[in-house]
Each structure stands twice: as structure tokens, then as C-alpha cells.
Amino acid sequence: MEPLLKVENIEKTYDGKKVLNGISFEMEKGNTKVIIGPSGTGKSTLLRCVNRLSEPEMGKVILDGQVVLDKTVEKEPRIDLNAIRSQVGMVFQNFNLFTHLSVLGNVTLGLTQVKGMKRKDAVERAMIEIDRVGLADKKDAYPALLSGGQQQRVSIARALAMDPKVILFDEPTSALDPELIGEVLQVMIKLAKEGMTMLCVTHEIGFARSVADEIIFLDEGKVLAHEPPEQLFSNNSSARIRTFLKKISELYGGE
Amino acid sequence: METSSGLMIIWESWPMFLSGTITAVQLCILFLGVGVVVAVPVSLSQIYGGKSLKFSASVFEQVFRGLPALVLLFLFYFGLAELDVSPLVAATLAMGLRSAAYQSQIFRGAILSIDSGQMVAARSIGMSRIRAIKCVILPQAIRLAIPPWSNEFANMIKDTSYVFVVGIIELMRQGRYVVAGSFGNALLVYSVIALIYLFLTYCGLFLMGRLSKKLAIPGFASAGAAMERI
């Protein structure tokens with residue numbers, strides 16, 4: 001079977017420094033993959049290269065048979081990036097909710113503006129997702145008045161409403177107070193179990209262990225390991241990986 | 001008595017003051033309107049434009065902010081005399097474009113103070129850049145721009161008085177007519193005019209304040225206030 005998402009040999013340079021140095025991986029439909037690794041190793045950049053919010057110099061990305069990026073050929077075929085991005089959900093570290101819109105407004109904006117849905121249908125669709133993240137009673141609230149955890153759940157609902165083929169999570173809990181992390185992880189775990197295809201950059205080792213099908217360990221722009229969590233967390237891993245895992249387990253209480 | 005006869009003349013001249021006031025308000029709205037229409041694309045060009053667009057927008061902004069209003073009025077009216085431009089057209093170009101230059105910087109500041117994550121999020125759900133500007137950036141920028149924009153309004157209502165030099169019969173010009181007909185009682189007449197300008201500025205700022213409150217978004221104003229911190 002063709003994989004849902006195919007990322008091939010991505011290379012990206014920032015200020016003369018090679019942040020991504022030939023990254024490849026594939027995702028099956030319904031997969032949850034977690035990308036971990038020391039900071040500055042290009043984890044967030046890699047996510048942004050998948051929907052081309054960041055432009056890599058080299059590589060190829062295929063989503064569900066559609067070419068998203070192809071730097072292997074001289075002249076790239078015409079690609080409707082907006083249409084592709086509407087099929088790729090993205091959840092950000094800082095939520096990035098539209099501050100001038102209510103919860104409902106945030107979730108419906110893409111539906112009415114990008115998908116061209118009628119207002120009434122968009123509201124109906126949005127409410128399903130707002131309910132799914134447990135915020136139906138907050139639908140008229142504005143982002144600035146919500147807690148970080150609530151804001152992040154709204155941003156997940158905003159991504160879900162677009163019916164994405166895959167959702168990219170860019171450190172979704174890193175900006176949250178410790179007591180708010182749980183509510184966001186719960187939503188993410190639920191999504192993973194319901195079969196959403198998810199690619200997550202996170203330091204939440206507990207989440208990675210319990211729901212990730214595979215973990216990609218990035219270090220200095222390269223894939224150091226790409227294997228199921230039980231294998232990565234076993235003692236067979238390289239010293240580099242074990243040291244890092246030990247460190248973040250202490251920090252984030254992975255057990 | 002001279003004063004009482006002066007008061008009489010002012011009382012009897014009320015239609016002239018009224019007509020001058022109405023003209024001043026109309027001119028102010030016209031100039032500010034031209035200003036907004038030109039300023040928004042100028043500010044967007046300065047932020048999102050390519051090299052040449054950015055450059056042209058900056059040249060426009062620097063020139064029109066860098067010249068005195070009177071010089072602009074003379075340039076557009078007497079300078080273009082061969083084209084036979086009417087005083088109103090010349091004044092609208094001079095004052096409208098001048099206001100556009102100032103307003104473009106208000107909008108530019110407002111847009112730049114919006115977190116870059118807003119644009120990224122809009123693009124990530126598949127919006128084109130233009131749609132993102134229309135649906136996400138501008139609605140926020142306009143709210144942030146209202147307080148500094150009130151300042152531009154307060155300047156403009158007063159600056160309409162400049163255009164009497166090209167022969168538009170606004171409040172200042174009407175004042176001159178009244179003075180001429182009042183045996184030169186300038187102090188009294190110009191005091192009345194001063195009061196009218198004060199009143200207009202006050203009313204305008206009051207309305208802007210109301211608008212700002214009406215458009216306020218719970219919790220969002222504080223984000224804007226943070227921008228004003230030094």
C-alpha cells in the first residue's frame with residue numbers, strides 16, 4: 001500500500017547551517033509518529049517543510065498521491081499549495097488562535113473562507129469539533145480569555161474541522177503550565193486512538209510511549225533512530241539516545 | 001458699543017459659520033477617506049511587497065510626510081495650473097495624499113505589531129496570503145490602529161484650515177469674510193472659529209473613543225496596549 005505521507009531526503013539550510021540533512025520517513029494512514037531530539041536539531045523546521053511553510057532546498061514530499069514538494073526535478077509541476085495545506089492540520093506551540101475571533105469564529109474561518117462552506121453548515125461542522133475537544137460551553141469566548149490549555153484545544157478543533165489527512169503538532173504542550181498539559185494530551189491521545197494520522201514534535205515521553213507507533217530521533221539534522229518506542233526505550237539504543245532520553249525523562253517525568 | 005455690535009454681527013453671521021463648519025467637516029472626511037484608501041495599500045506594500053513595490057511605497061511616504069502642507073497645496077494648485085485643476089481637486093490630492101503618508105505609518109505599525117504566528121496559522125489552513133490579510137491581519141490591525149488614527153483625525157480637522165489658501169470657502173475663509181464685514185473685529189471672530197474647531201475635535205475624538213469601545217474584543221485590547229509600552 002502507498003503510504004499516506006512520504007517525505008524524502010529533505011535538506012534545509014538556515015544561515016549557512018544545515019538544519020536538516022537528508023531526512024526521509026513515511027507514514028501510513030492512522031499512524032502516530034513522534035519526533036524527538038535535542039533542541040536546535042530542526043524538529044519544528046521539519047514539520048514546516050512538510051506543508052512548505054518553510055521551504056527546503058532539497059527533497060520530495062508526497063501526500064496521499066499528491067506532490068507537495070519536488071526538488072528532485074528541474075522544473076516543479078504546478079502545485080496548489082493552499083489546497084494541499086487545507087488537508088494538513090497544524091497545531092502550534094503558541095496556539096496562534098485568531099485573536100479577533102471567538103472560538104466558533106476560529107474554527108469556522110477555514111471552513112467558510114477556504115472550503116467555501118455556507119455559514120450554517122460551517123457552524124454545524126465546527127460545533128462537532130469544538131464539542132470533541134470539550135469546549136462547547138466556550139464557543140463564544142475570545143482566545144485571550146481562555147487558559148492556555150483551552151486555547152490549544154481550540155486550535156486542535158480548528159485543525160480537525162478542516163478534515164485533515166494528517167495533523168502536524170509542533171510542541172503543542174511546551175508553552176503550557178504543567179497543570180494544563182494533561183487536558184491537551186488527553187485530546188491528542190483520543191485522536192490517535194480514533195485513527196487520526198499524527199506527526200508530533202514533543203518532549204512528552206509519556207505520550208510518545210503510550211500512543212506513538214514509531215519515534216523518530218533527530219540529532220543534528222539527521223535521523224539517528226526511527227523505531228517503535230519499546231525498541232527506542234530499551235537498552236539497545238545508542239549512548240547518545242539513552243543520555244538524551246534519561247535527561248528528558250527527568251525533566252518531563254516520562255515514567 | 002463696539003463689542004455688542006461685534007456680538008450682533010457674529011449672531012447675524014451664523015449661516016456663514018455654519019456653512020464653513022459643514023464644509024470643514026466634509027473636507028476632513030474627504031481627505032481622511034482618500035488617506036485611508038491610499039494608506040492601506042501603501043502600508044501593505046511596505047510590509048509584504050517586493051523590492052520595487054516596497055521602494056516606491058517608501059518614497060511616496062517619505063515625500064508626502066516630508067513636505068509642509070502649504071507647499072503641497074501650492075504645488076498641486078498653482079504648480080498644476082496648466083492642467084486647470086479645481087481648488088477642490090488640488091486640495092484633495094495634496095491633503096489626502098499627505099494624510100495617506102501619515103496613515104500608512106499608522107497601519108504599518110499596527111500590522112507589524114500583530115504576532116507573525118497569525119499569518120502562519122492562516123496560511124497553514126490553506127488561506128492565500130491576500131485572504132489571510134483580509135480575514136485575519138486587517139481586522140486586527142484596524143482595531144489596533146484606532147487610537148493612533150484618532151490623532152490623525154484631530155490633526156486633519158484642524159489642517160482643513162490650510163486649504164483656504166487655494167480659495168476653498170471653508171470655516172477659515174468664512175471667518176475672514178465675517179471679519180471683513182465686522183469692521184475688523186478679528187479677535188472676536190477668530191475666537192468663535194477657535195471654539196468651533198475645539199468643538200469639532202472634541203466631538204470627533206469622542207466618537208472615535210466610542211467606536212474603539214464598540215469594536216473592542218475581550219482581552220484583545222490589552223494585547224494592543226502591550227504594544228504601546230516602551
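- For the options Leu97(A), Val91(A), Leu101(A), heavy-atom pairs under 4.5 Å to chain B are most numerous at Leu97(A).
- By number of non-hydrogen pairs under 4.5 angstrom with chain A, the leading residue of Cys135(B), Ser116(B), Pro139(B) is Cys135(B).
- Note that Lys51(B) lies outside the cation-pi zone of Phe55(B), set by a 6.0 Å cut-off to the ring centre and a 45° limit from the axis.
- Other residues, nucleotides and ligands contribute at most 12 non-hydrogen atoms within 6.0 Å of the CD1 atom of Ile130(B).
- For the atom pair CG of Leu168(A) and CG of Leu5(A), the computed distance is 8.0 Å after rounding to the nearest 0.5 Å.
- Both tests do not hold together for Arg65(B) against Phe60(B): distance to the six-membered ring centre under 6.0 Å, angle to the ring axis within 45°.
- Ion pairing between Asp163(A) and Arg125(A) holds under the 4.0 Å rule for side-chain N and carboxylate O.
- Contact annotation for Phe92(A): only side-chain heavy atoms (C-beta onward) come within less than 4.5 Å of a heavy atom of chain B.
- Using a 4.5 Å cut-off between heavy atoms, Arg131(B) contacts chain A through its side chain alone, with no backbone atom that close.
- Comparing Arg85(A), His100(A), Arg52(A), Arg48(A) by how many heavy-atom pairs each has under 4.5 Å with chain B, the most go to His100(A).
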